[in-house]
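Chain naming here is simple, since letters A, B, ... match the order of the sequence lines and numbering starts at 1 in each.
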Amino acid sequence: MPKAYDPKAVETPLFETWMAGGYFGQKPVPGGERPFTVAIPPPNVTGSLHMGHALNNTIQDVVVRRARMTGRPTRWVLGTDHAGIATQNKVEQKLAREGKSRHDVGREAFIERCWEWRREHGSTIIQQLKAMGCSCDYSDEWFTMDPSYQEAVRRVFVEWYDRGLIYRGKRIINWCPRCSTALSDIEVEHEDLDSHLWHFRYPLAETVGERDHVVVATTRPETMLGDTCVAVHPDDDRYHDIVGATVVLPLIGREIPVVADDYVDPSFGTGAVKVTPAHDPNDFEIAERHGCEKVNILNADATVSAEGGPYAGLERYEARRKVVADMEAAGLLLGTEDHVHAVGHCYRCHTVIEPWLSDQWFVDMKPLAAPAIEAARDGRVTFHPKRWETVYFHWMENIRDWCISRQLWWGHRIPVFYCDACGAPPVASMDDLTECPECGGPVRQDEDVLDTWFSSQLWPFATLGWPEQTAELGYFYPTSVLSTARDILFLWVARMIMSGMDFIDGKVPFDDVIIHPTVFNAEGRRMSKSLGTGIDPLDLMEHYGADGMRFGLMLQTTGNQDIKFAEEKLLSSSNFANKIWNASRFVLMNLDEGFEPGEPEAATVADAWILSRLTDLAAQVDEGIATYQFGEVARALYEFFWNEFCDWYIELSKPRLFAGAREDADEAEKAARLVSQRNLVFVLDTALRLLHPMMPFVTEEIWRRLPLAEGAGAPSLMVAAWPEPAGLARFRDEGAERSVGKMLEIVVAVRTVRARYKIAPKQAISVVVRTQAETDVQLLDAEFAYLNALAGIDSFVAATDANKPAHSVTVVAGGMEVYVPLEGLVDFEAERARIAKELAFAAEDLAKVERKLANEGFLAKAAPEVVAKERAKEAELADRVATLREQLDELGL
RNA sequence: GGGCGAUUAGCUCAGGGGGAGAGCGCUUCCUUCACACGGAAGAAGUCAGAGGUUCAAAUCCUCUAUCGCCCACCA
């Protein structure tokens, strides 16, 4: 075994053995336990691994690997998303480099280009998941444009259409002029921008009393070209007299009415609103109520349309500047105020979106949301952390219709057919129609494709073969856990719950939803490739190994906080992998030729202690993963393995191990060595199993070298038995934990004295211990070998009536007084100062405890065990204070 | 305009009604037969501030401040 763990040498070959072993695939097993299923959030085909993926897929792999080791049939379903806008943008960019647009190549050829892109780049991220060690089912990779998936999408559309849940309408939608498509409300990102509120004077066609104009305010001056009325509040006395009057729209000359509408807030601006029905959803509603025209003044590319008269053809912001300038020139600009307002941006390309009137397809969401809300209320779906359910409820209870049509080419084409000949109502069909069912005339299919999320929402069941009633669907659905980033809670998670329940017998698609922390960079900024603030997980794996990266991420994953990425945790983790490697190397190096594995045995108090600690660890890890407390699990593993197993137990094992290996060792010593070896192997074996979900590579590499008893082995650690806490419970031993705790305290105390007085490690010392308890004396006498090995104590006296030797210092440890003779070594001045300081602290603590114990309220109301603990503390502190006083007296003279 | 989260050691963060914790960094010592990617010892914190509940508050409640995030059609 090499002296240091080398992830690069180990990971790829190991992964290949996993693939070859077929441990990833899982076929339905008739009868028996419900399987554990996870559907991966499908990465975009355009994507490559980023830190969010690294974290999320580590989380999934941890829960999946644990489940698999418990023996439960386990499957992690893998695949990628066709990512309509993102992929289309990539392919368009590529075409642009050839000097072409998608219109130059045509729809069919463009779609073929997209498939080509997918063939070239689609497996990149899959390869990266493999590098991470993710145990997905690679034998069954899905894509949201697979033929059967297309059928699923179409089935959902047709059924919802036939049930009246999908409809087409002319509405204000969010339009991205760069992507040239509609977006749903949640695909728009709002950002507060510094802008202005311009006040415009609109003249009345005829004066009303004294009044010849009305003043309106706007944040988007160019929209005035499309104004078709001015609205005021019906109860607003300032404007009572002009309701019903006519305004002449400046620059355009259109005559438009003044209407009264409740929507208007009299306290904002001037209390009079210019109404642009084609470019604002509220204005649209006002226009509907009052029967006003809807004038669309923008083209798809956000230039001004022919309706904009003299401004036609101008880019939108150019038009804005010109409108303002022209209004000012006409003396109609009354003022410009600074104003901050939220501007919507496209979530894919960050272009400012335009509210735009167009024909689109929508899903009526309220009927679908109701059962999905109920499912979260009654706990059929549980969010982790729980507070996310509030966010879910808020959105679901205020859900609005979903705009699902996109003016793209790459995606699932809307399966609706129109007959222009007879005007029959449009038909949504599972088959491509060639003729009108009514008149036999030619039909044309809707040009639009569906929102990518329309197909993503079917992921948990479409990847199991639905709409076919496959064996997989019957067996693996519903899935167990969904782990994802919070920014797709609405886009994806909520919609999966709604569509899943609607199509699969009202069953929720997963029991638990993990909303993992967002990974920010060290400066607290969002990690982003375009901003150059991202860190590439592949680089991290290069430096720290896959296990180092995974464990480092797990250490940082707690339920409540986002992660400000701390790379030093990955360094600690890769060091940890090396520590595991070397501890294992030590154990293996100290096994004999023909070593016979056997049951662990608590032959010494140290054995009993480590087995008890191991039992505690198993319970913590098992429970922790089951409840998604990844950070706590990682810390427990780290602490146990490094501090308890390596720092103490291995050191405690050395005397027995080495004594039993000497030429002249007697039978008892040889037997003790064998027991020690067996215990080391057992603890290591169990710890490796517990570590495996988080650090699959290093644990597997070592584990395969362990000589295990018949029945304890497996072809791979991946499928070895999980250490069930119940099976270890017999090893719990609180007495041993207390005893070893005392011993270790004494060792530390003596070492501290050694360090303080610079006693060379090789120089043996003798120690006298005075204790109140006869059991302490017995313990120390019995385990003297440990004190010798760990603290370099060569002679030692422990007694209830021991006397302090001359020229010695005293330390209190484990409730005992430990005297270390130090003839000629003590700097008495320094020692006095140190003791005085310690005494002051101890006296203060003691006073605090005494005050507490003098408090009748405390004695009456506190739990008895708490009071007992305080009394013990008081005794200990009193003892310490007395000891320190004595010491000071001795020195003080 | 609503809502959520955070504020603990120099840095990154755990914890959470009863004696302040980790990793990194820092100081000192140690190349002893698993590991210098190591070992041993150590310094370091008014747990943001103010009130309250409680026998007891870093922990629960209220308010304040600062930072971050989400939702929202006020032109």
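Residue Trp642(A) is classed as a sugar-phosphate contact, given heavy-atom separations below 4.0 Å to backbone atoms only. Contacts of Glu632(A) with the nucleic acid, taken as non-hydrogen atoms under 4.0 Å apart, involve only primed sugar atoms and P, OP1 or OP2. No contact: Ala760(A) has no heavy atom under 4.0 Å from any strand. As judged by a 4.0 angstrom heavy-atom cut-off over every strand, Lys3(A) is placed among residues touching the sugar-phosphate backbone only. Counting non-hydrogen atoms under 4.0 angstrom, Glu870(A) reaches the backbone sugars and phosphates but no base. At a threshold of 4.0 angstrom between heavy atoms, the contacts of Glu651(A) include nucleobase atoms, whether or not backbone atoms are also involved. Using a 4.0 Å heavy-atom cutoff across all strands shown, Asn590(A) reaches no nucleic acid atom at all. Note on Ala860(A): nothing from the nucleic acid sits closer than 4.0 angstrom, heavy atoms only.
In terms of position along RNA chain B, the nucleotide closest to Lys869(A) lies nearer the 5' end than the nucleotide closest to the other residue of the pair Trp388(A) and Lys869(A). If Asp562(A) and Phe576(A) are placed on RNA chain B by their nearest nucleotide, the residue sitting closer to the 5' end is Asp562(A).
In this structure, Lys274(A) is not positioned above the aromatic face of Phe200(A) in the sense of NZ or CZ being under 6.0 Å from the six-membered ring centre and within 45° of the axis.
One atom, CZ of Phe858(A), and another, C1' of G17(B), lie 12 Å apart when rounded to the nearest Å.
The gap from the P atom of A40(B) to that of U8(B) amounts to 29 Å, rounded to the nearest Å.
Taking the six-membered ring where the residue is Trp, the centroids of Phe565(A) and Phe520(A) are separated by 6.0 Å or more. With ring centers used as reference points, Phe383(A) lies 6.0 Å or more from Trp388(A).
Remark: the Lys579(A) side chain and the C35(B) base include a donor-acceptor N/O pair separated by less than 3.5 Å. A donor-acceptor contact under 3.5 Å is not formed by the side chain of Lys564(A) with the base of U12(B).
Distance from the side chain of Asn575(A) is smallest for C37(B) among the nucleotides U54(B), C37(B), G39(B). Taking every side-chain heavy atom of Ser572(A) into account, G23(B) is the closest of G23(B), G39(B), C69(B). Of the candidate nucleotides A41(B), U28(B), C69(B), U28(B) has the atom lying nearest to any side-chain atom of Lys758(A). Listed candidates were G19(B), A14(B), C37(B). Nearest to the side chain of Arg635(A) is A14(B).
The environment of Phe841(A) atom CZ is sparse: at most 12 non-hydrogen atoms of other residues, nucleotides or ligands sit within 6.0 angstrom.
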All N/O pairs under 3.5 Å across the protein-nucleotides 71-75 of chain B interface:
| unit_1 | atom_1 | unit_2 | atom_2 | d |
| --- | --- | --- | --- | --- |
| C73(B) | OP1 | Arg400(A) | NH1 | 3.1 |
| C73(B) | OP1 | Arg400(A) | NH2 | 3.2 |
| C73(B) | O2' | Asn282(A) | ND2 | 2.9 |
| C73(B) | N1 | Asn282(A) | OD1 | 3.1 |
| C73(B) | O2 | Asn282(A) | OD1 | 2.2 |
| C73(B) | O2 | Asn282(A) | ND2 | 2.8 |
| C73(B) | N3 | Asn282(A) | OD1 | 3.1 |
| C74(B) | O2 | Asp265(A) | OD2 | 3.0 |
| C74(B) | N3 | Asp265(A) | OD2 | 2.8 |
| A75(B) | O2' | Ala217(A) | O | 2.9 |
| A75(B) | N6 | Asp265(A) | O | 2.7 |
| A75(B) | N6 | Phe268(A) | O | 2.5 |
| A75(B) | N1 | Asp265(A) | N | 3.3 |

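Between Phe641(A) and Phe576(A), the two ring planes are perpendicular [angle over 60°; tilted spans 30° to 60°]. In this pair, Trp395(A) and Phe490(A) present their aromatic rings parallel. The plane angle is below 30°, not in the 30 to 60° band.
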